Amino acid sequence: MDFALDDQQRMVQEMVRSFAEDRLRPGAAERDRTGEFPHEIFEEMGELGLLGMFVPEEYGGAGMDLLSYLLAVEELARVDASVAVGMSVTNSVCCYPILTFGTEEQKRRYLPELASGRAIGGFMLTEPHAGSDAASLKTRYRDAGDHWVLDGSKAWITNAGVGRYFVCLATREPELGVRGISAFILDADQDGVIVDRPEAKMGLKSSRTAMVTLDGARVPKDAMLGEEGRGFRVALGTLDHSRLGIAAQAVGIAQAALEEALRYASERQQFGRPLIGHQAIAFRLAEMDTEIAAARALLWHAAWAAGQPGRHSRESARAKLYASEMANRVVGQALQVHGGYGYSREYTIERLYRDVRVTTIYEGTSEVQKLVISRALAELAGTLA
Amino acid sequence: MNCIVCMTHVPDTASIIKIGPDGKHIDESGIKWIVSPYDEYALEAALQLVEAQGGEVTVVCYGPARAEAGLRECLARGAHKAVHVVGGEETLGDSMAIAKVLAAAVKDREYDVVLCGVKGVGTDNSQVPQMLAELLDLPHVTNVTKLDVAEGTFTAEREVEGGVEVVESPLPAVVAATKGLNEPRYASLKGIMAAKRKPVEKVEVSALGLDEAALAGAEATYSVRALELPPAKEAGKVIQGEDDPKAAAAELARLLRDEAKVI
């Protein structure tokens, strides 16, 4: 067992850290206020290869490993979690399923644009009435001869309005259940895709999230992703993978919170000494540091497991569950260290507190992660054979 | 247009420096090492020249085993080749010894310009580029903030006290870059992957016809007697002025004149 990063992983980590400090840090607080989507930053990330990290060189990507990607997400999230989620979504739920389930022609058609940042990507699974119960989705598709036609509503779509290609799940007939669901690569640049105004969210303000209405949206015949009726497998395989990106985002936000708390506790004097000189605060910081390290280790283990043969749903769900719950605890504690100032928008911790909240909700709530883990346990025990 | 870039691997500028047990070296435990920031300007200038005019960038470093990570970083940003002269622990800070090693490593290679950072962050001696130029019998320009290269000649702007000096010179030459010359690029992910396939040539100091023990001993031009940390900053002085701003301003002026002696 070796916990050392290799040269490539270390260079990715250092490059993204510098990039985040130089390019993301200066405008992060302002973007949180305005909610403006940072197009230039995404362009630059595309040029650096950050939007198609797993995409092999032959399709215009960098061909990086999963851990390098998770290190990059953590470093971005440490400075601006909104940018991190937009980047993570393009990599994890758009490039990854096309790469994993796509035909050779689909890979050649879509991946170079996504990997270079010329097109941002996304994923359309969730609907107003189908959240955790994703298989109950109602968006319909039908065969219109030389193309497919999609009709329905998709909710909470990250990168809606700024993204071009979306992996979209739809059913031929809701009564067929899981078997009726197919996956498509949807080009959002058409009249049949109507993006509602951006959701007014608690945090992740500069990440664009909106409801999308599909009203006769056309998909070319050759843009069905995977076999017809096997779309739910595409979705589950994608989520096993993309959960790790959200776990990395949570670790990055928690790391930022620890750094903010440590700085504040070193500068702020009460009762004649810095806060860190008071054991109640010092021990709190020690606990935060330990929890972050535990989550990171679990995440890196899950990344390793994802590279082994067989399924890794349980490992991914564990990492996402623990990292996101941990991050909410740690950010809450870090805010407490700031006392009254933590409740002020003047301090970064206030933004982190709002940004971190969604990590236990999106890409599967904590409850869904527990469902995944407990089903795997039951399977092991033979009770759900 | 072939460029050679001399790189030195230095402690991260954000490092907390402690003095080692011998009192003459820094304690290297826990230090993160980086490409000296001034060398990043030199590398960026070289990459831009080669992109515009063709040719290759070779990065040369005289440093211990860990310095290979710095060379890999330069390769990831786009340099074509790297030369690692392994050593340098005993000659650390001796600009003449470093210049002799670099000159020996560079002299038989094909190049039109040798680019250096104006100084290595850490020892901050600002001497190696000039010494290197003398040893190679080449013209040199330091503190360069703008560089235009034409066929066999270049024009550089250099920072001087209170202004800018414009210098023209034939090539080949040694050019020492400073802040303002350019904005160094990040290593792209493709660059990081490509760096794995690029060569790092390892060279022993003895293979250059030099004796490192002698450079650090009999021929040394520099020795460290003792290292000390700068004295801790004293607490600032606050002049209370809410009741009588006029008196506070007068007191501030007096302190700036009589104590700080800055006005």
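Naming: A, B, ... by sequence-line order, numbering from 1 per chain. These numbers come from the heavy atoms of this one structure, side chains and all, not from hydrogens, waters or symmetry mates. Only a predicted model underlies this, so the values are computations on that prediction, with no experimental measurement involved.
For B:E68, no part sits under 4.5 Å from any heavy atom of chain A, backbone or side chain. Contacts between B:K196 and chain A at a heavy-atom distance below 4.5 Å involve the side chain alone, from C-beta outward.
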Review point. Can A:E14 and B:R77 be said to form a salt bridge (Lys or Arg N to Asp or Glu O under 4.0 Å), step by step?
Key: CA-CA 13 Å; A:E14 285 174 8; B:R77 290 191 195 204; over 6 Å; no
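At most 12 heavy atoms of other shown residues, nucleotides or ligands fall within 6.0 angstrom of atom CD1 in B:I16. Enclosure of atom CD in A:E104 by more than 12 non-hydrogen atoms of other residues, nucleotides or ligands within 6.0 angstrom is indicated. With a 6.0 Å radius and a threshold of 12 heavy atoms from other residues, nucleotides or ligands, B:K81 has its NZ atom at or below the threshold. Open room surrounds CD on B:E110; 12 or fewer heavy atoms of other groups in view lie less than 6.0 Å from it.
Annotation: side chain of B:Y186 is not in contact with side chain of A:E47 (no heavy-atom distance under 4.5 Å). A 4.5 Å side-chain heavy-atom check between A:M64 and B:I192 finds at least one atom pair inside the cut-off.
The two atoms that bring A:M15 and B:A187 nearest to each other are CG-O, 3.1 Å, heavy atoms only. When all heavy atoms of A:M53 and B:L189 are compared, the pair lying nearest together is CG-CD1, 3.4 Å.
Under 4.0 Å is where a charged nitrogen must lie from a carboxylate oxygen, and between A:E44 and B:R185 no such pair does.
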